[in-house]
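Before any comments, here is the structure.
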Amino acid sequence: YINRIKNSIDKILPDHYKISEKTITDQILFYLGDTWEKQTSKMSKSTVKDIARSYRKIKEANNQKNIVIKNELSNFDSFELDFDQFLVMHQKFWNKQGKAGHFRDWPESIPFHREMALAQMSKNRLKLLKIFTEDQCLGYEYDYWFGNKCYEFLAARNEDAFSGVSIGK
């Protein structure tokens, strides 16, 4: 199964985009560049254009030319609100698809993830990244960091305002 996923990724992404990879159980890990410039320098022109298109759509949706997109890692003070908003956004997307999504598919996953996230936050491993503008939240990335490796787990985006925009980019 994991080899089929890896082969699919290999077909989609050009070789020069991937810095390196390593497969562990059911996760595929990508090593990240030291800076944003190094990371994007390995991307194809079409990927960079796709990122620019996403930014343009966000600006247009907010009727602003100079919108600032910010991000902020969840901390112990903001975790409960951030995690609740992430859950709502994530489930709203899957409800629209007519599917259960991760949290409805696994009934005890919400308390499990809350406990796991807080335990990993205390070890500086949780990355619940809130992506937002001055006016509204665009989405969340729910990931874990171990050393210099990021394990992407789940994402959510504000489907009402930003359908079709890749928040992760």
Side-chain angles (χ1 to χ4, degrees), residues 1-10 12-44 47-48 50-52 54-55 58 68-94 101-106 108-133 136-159 162 165-169:
Y1 176 75
I2 196 71
N3 285 332
R4 284 195 325 233
I5 293 172
K6 183 186 174 303
N7 291 337
S8 296
I9 290 171
D10 286 343
I12 295 169
L13 297 176
D15 289 334
H16 64 275
Y17 175 74
K18 291 178 269 185
I19 295 173
S20 61
E21 63 185 60
K22 180 179 180 183
T23 303
I24 297 177
T25 64
D26 293 341
Q27 298 288 329
I28 296 175
L29 311 177
F30 293 91
Y31 292 90
L32 304 176
D34 294 338
T35 65
W36 178 248
E37 290 75 23
K38 284 183 182 178
Q39 187 71 20
T40 57
S41 72
K42 303 289 184 184
M43 294 179 185
S44 69
T47 299
V48 174
D50 185 42
I51 293 169
S54 290
Y55 273 86
I58 291 169
V68 176
I69 299 172
K70 304 173 186 177
N71 60 62
E72 176 177 279
L73 288 173
S74 189
N75 58 48
F76 286 106
D77 294 331
S78 65
F79 175 77
E80 290 299 328
L81 179 61
D82 289 341
F83 194 77
D84 287 346
Q85 288 177 340
F86 162 73
L87 288 172
V88 168
M89 282 186 189
H90 182 78
Q91 280 310 129
K92 192 170 191 176
F93 171 80
W94 288 108
H102 178 76
F103 298 100
R104 278 187 35 225
D105 192 42
W106 180 20
E108 295 301 316
S109 64
I110 293 174
F112 169 82
H113 281 285
R114 279 187 198 280
E115 184 178 340
M116 175 64 80
L118 286 168
Q120 296 304 315
M121 184 185 296
S122 68
K123 296 175 192 257
N124 210 19
R125 293 179 180 158
L126 173 71
K127 185 185 105 176
L128 181 57
L129 182 70
K130 179 180 181 179
I131 304 162
F132 60 100
T133 65
Q136 61 188 313
C137 181
L138 305 177
Y140 288 90
E141 291 284 336
Y142 174 37
D143 307 330
Y144 288 101
W145 282 90
F146 295 96
N148 66 346
K149 297 178 189 87
C150 179
Y151 299 80
E152 185 178 77
F153 193 73
L154 293 171
R157 69 172 169 228
N158 183 337
E159 282 290 315
F162 304 104
V165 173
S166 178
I167 300 302
K169 292 183 179 177

Taking side-chain contact (heavy atoms from CB on, under 4.5 Å) as the test, write out the residues that go with L81, two or more places apart. Q85

Once side-chain hydrogen bond (donor to acceptor under 3.5 Å, both in side chains) is applied, do any residues pair with R114, and if so which ones, sequence neighbours excluded? E80, D84

Distance from Q91 atom CD to F103 atom CZ, nearest 0.5 Å? 7.0 Å

For K127, what residues pass the salt bridge (Lys or Arg N to Asp or Glu O under 4.0 Å) criterion, not counting sequence neighbours? D143

F79 side, atom CZ; L118 side, atom CG - distance, nearest 0.5 Å: 4.5 Å

Starting at CD1 of I131, measure out to NZ of K70 and round the result to the nearest 0.5 Å. 14.0 Å

Looking only at non-hydrogen atoms, find the nearest pair between H102 and S109 and report the distance. O-OG, 3.9 Å

Check side-chain contact (heavy atoms from CB on, under 4.5 Å) between K92 and all other residues, then give those that pass, not counting sequence neighbours. D160

Measuring only between side-chain heavy atoms, which start at C-beta, is D105 closer than 4.5 Å to W94? no

Please verify the inter-ring angle class for F86 with F83; under 30° counts as parallel, over 60° as perpendicular, anything in between as tilted. tilted

Using side-chain contact (heavy atoms from CB on, under 4.5 Å), reason through N158 and M89 one step at a time and then give a plain yes or no. CA-CA 6 Å; N158 183 337; M89 282 186 189; 4.2 Å; yes

Residues two or more places apart in sequence or in another chain: which of them pass salt bridge (Lys or Arg N to Asp or Glu O under 4.0 Å) with D82? none

Sequence neighbours excluded, the answer for side-chain hydrogen bond (donor to acceptor under 3.5 Å, both in side chains) partners of Y142 is H113, Y144

Within the structure provided, determine whether S78 and K130 are in side-chain contact (heavy-atom separation under 4.5 Å). no

When rounded to the nearest 0.5 angstrom, what is the spacing between CE in M121 and CG in L126? 4.5 Å

